[in-house]
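Here's the structure, in structure tokens; my notes come after.
The basis for the numbers below is simple: all heavy atoms, side chains too, and nothing from hydrogens, waters or symmetry mates.
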Amino acid sequence: MTDWLEGPLDGNWRGGEAQAEHISGQIWSPADHPPQVHQAPPPNLGPPGAAPQAPVPVPPPRLNGHPGNGHPGNGRPAARTGPTGPGTPGRGRRAPSPPSRRRRITRALIVLATVLGLGSAGTYVWADTELNREVDLGKIADRPSSGGGTNYLIVGSDSRVGLSDRARKNLHTGGSADAGRRTDSMILLHTGEHGTTMVSLPRDSWVTIPSHIRPETGKHYRASKNKLNAAFSFGGPDLLVRTIEHNTGVHIDHYTEIGFAGFVGIVNAVGGVPMCLDRDIKDEKSGADLKKGCHTLDGRTALAFVRQRHQEAKGDLGRGENQQKFLAALAKKAATPGVLLDPSTVYPTMSAGLGTLIVDKDTGLPNLTALFKAMKAVTAGDGKRLTVPVSNLAFQTPKGSAVKWNTRLANQLFTELNNDRPVTVGAKK
């Protein structure tokens with residue numbers, strides 16, 4: 001994953017360098033361009049019997065470039081002409097002047113642009129083929145109609161795929177690689193004419209799960225009330241999307257999901273993510289142990305930070321706010337020139353993310369790039385971070401304590417998002 005497609009790239013490098021040399025006009029071979037000798041015409045003898053006339057002077061050769069600079073239009077020194085005869089120096093060519101600083105810079109930029117352009121194309125093709133497009137949103141039935149703007153569903157799953165026993169212990173994830181996957185976080189991201197809005201959907205939200213068939217048993221289940229993350233456990237991404245669309249009325253355009261291993265890999269590949277905390281955070285279950293102040297979180301520490309919730313005053317809502325804050329900071333860090341323009345960082349970062357990234361069949365790199373820019377825009381003030389309006393954080397249900405939405409405000413929020421109107425509900429910068 002970290003190679004630079006050396007085979008095709010080396011050849012293109014040489015081609016780009018030759019092109020640069022031709023344009024700059026500083027590197028050329030004398031053997032390819034022999035000096036041209038301009039001979040005077042024979043003297044004008046005039047009519048028979050008349051005295052011979054003086055030879056007509058031969059004008060100097062005309063230069064195609066600027067007059068007086070000694071260089072023709074093709075950028076190569078012209079051959080000098082002059083009198084011949086005993087004691088006169090022979091015809092020759094002036095030595096080429098050394099390339100100017102400006103031309104050296106221009107030549108280097110041409111070569112660099114050629115290599116980077118070809119490298120980017122190769123990277124694009126490779127990365128696009130690496131995406132795991134296992135989700136087909138087109139097969140989901142009874143979907144709401146598309147609204148204005150674009151809606152992404154970002155899911156953080158607790159998949160342990162790609163983690164060794166030692167890594168699972170070190171990351172405090174528990175479970176096993178074949179234990180299936182559940183969702184720890186769900187964020188509905190809307191981007192449109194009024195910027196970006198990130199809305200956290202608590203995993204314990206009390207919602208209606210539509211009727212469905214369990215993939216592992218083939219048994220049919222009627223629509224029923226349950227916690228939102230149960231939809232993911234019962235029917236994976238398809239049922240989760242159906243459940244969110246059913247309860248919000250918002251049409252999901254793109255689905256992205258990443259597991260523990262991919263999350264840790266991306267954070268480590270970008271060299272860690274800076275975060276400032278206004279208090280100490282210590283959570284034994286997630287392994288988070290951070291002091292008040294500013295830190296650069298590596299993959300292990302970042303995972304513990306976004307998973308912890310037991311010491312949060314607002315529980316799962318507090319965790320959702322931390323996840324939004326971290327994702328925006330990650331997007332900002334990944335966009336810095338030191339990361340974005342460094343191939344030794346870009347390739348490991350993409351490799352780490354694509355390894356466990358699951359998307360829908362209609363999602364490509366342009367869509368992921370738009371998602372990335374939208375998340376980054378939130379840190380620049382062009383967006384909002386909020387949680388779906390809640391009326392009860394400890395709503396008692398047959399499935400245990402759940403989060404009950406404020407129906408009126410939630411419907412207002414989702415209507416504004418689906419119609420791509422300015423969000424007026426619970427906005428937090």
Closest heavy-atom pair and its distance - [X], [Y]:
| X | Y | answer |
| --- | --- | --- |
| Val388 | Leu413 | CA-CD2, 4.4 Å |
| Pro144 | Gly249 | CB-O, 3.6 Å |
| Thr363 | His254 | OG1-ND1, 2.9 Å |
| Leu228 | Pro202 | CD2-O, 3.9 Å |
| Ala230 | Ile209 | CB-CD1, 4.0 Å |
| Ala329 | Pro274 | CB-O, 4.0 Å |

So, [X] and [Y]: side-chain donor and acceptor under 3.5 Å apart, yes or no?
| X | Y | result |
| --- | --- | --- |
| Gln412 | Thr424 | yes |
| Gln324 | Ser200 | yes |
| Thr301 | Asp298 | yes |

Checking [X] side chain against [Y] main chain: does a donor-acceptor pair fall under 3.5 Å?
| X | Y | answer |
| --- | --- | --- |
| Ser205 | Leu201 | no |
| Arg319 | Arg307 | yes |
| Lys227 | Ser401 | yes |

Hey, does [Y] have a side-chain heavy atom less than 4.5 Å from the side chain of [X]?
| X | Y | answer |
| --- | --- | --- |
| Leu317 | Val403 | yes |
| Glu321 | Lys325 | no |
| Leu327 | Val306 | no |
| Val378 | Lys384 | no |
| Leu277 | Lys292 | no |
| Thr256 | Leu371 | yes |
| Thr243 | Pro210 | yes |
| Leu239 | Phe232 | no |

Below 6.0 angstrom between ring centroids: does that apply to Trp405 and Phe395? no
Would you call the rings of Tyr221 and His212 parallel, tilted or perpendicular, where under 30° means parallel and over 60° means perpendicular?
parallel
side-chain hydrogen bond (donor to acceptor under 3.5 Å, both in side chains) with His190: of Asp420, Asp253, Thr196, only one passes, and it is Asp420
Kindly compute the distance separating [atom1] ([X]) from [atom2] ([Y]), expressed to the nearest 0.5 Å.
| X | Y | atom1 | atom2 | value |
| --- | --- | --- | --- | --- |
| Tyr255 | Asp360 | OH | CG | 10.0 Å |
| Arg242 | Leu137 | CZ | CG | 12.5 Å |
| Asn418 | Asn151 | CG | CG | 6.5 Å |
| Thr191 | Met375 | OG1 | CE | 11.5 Å |
| Lys225 | Lys399 | NZ | NZ | 13.5 Å |

In terms of side-chain geometry, is the basic nitrogen of Lys282 or Asp289 positioned less than 4.0 Å from the acidic oxygen of its partner? yes
**Asked** So, are Arg143 and Glu245 salt-bridged, with charged N and O less than 4.0 Å apart?
**Response** yes
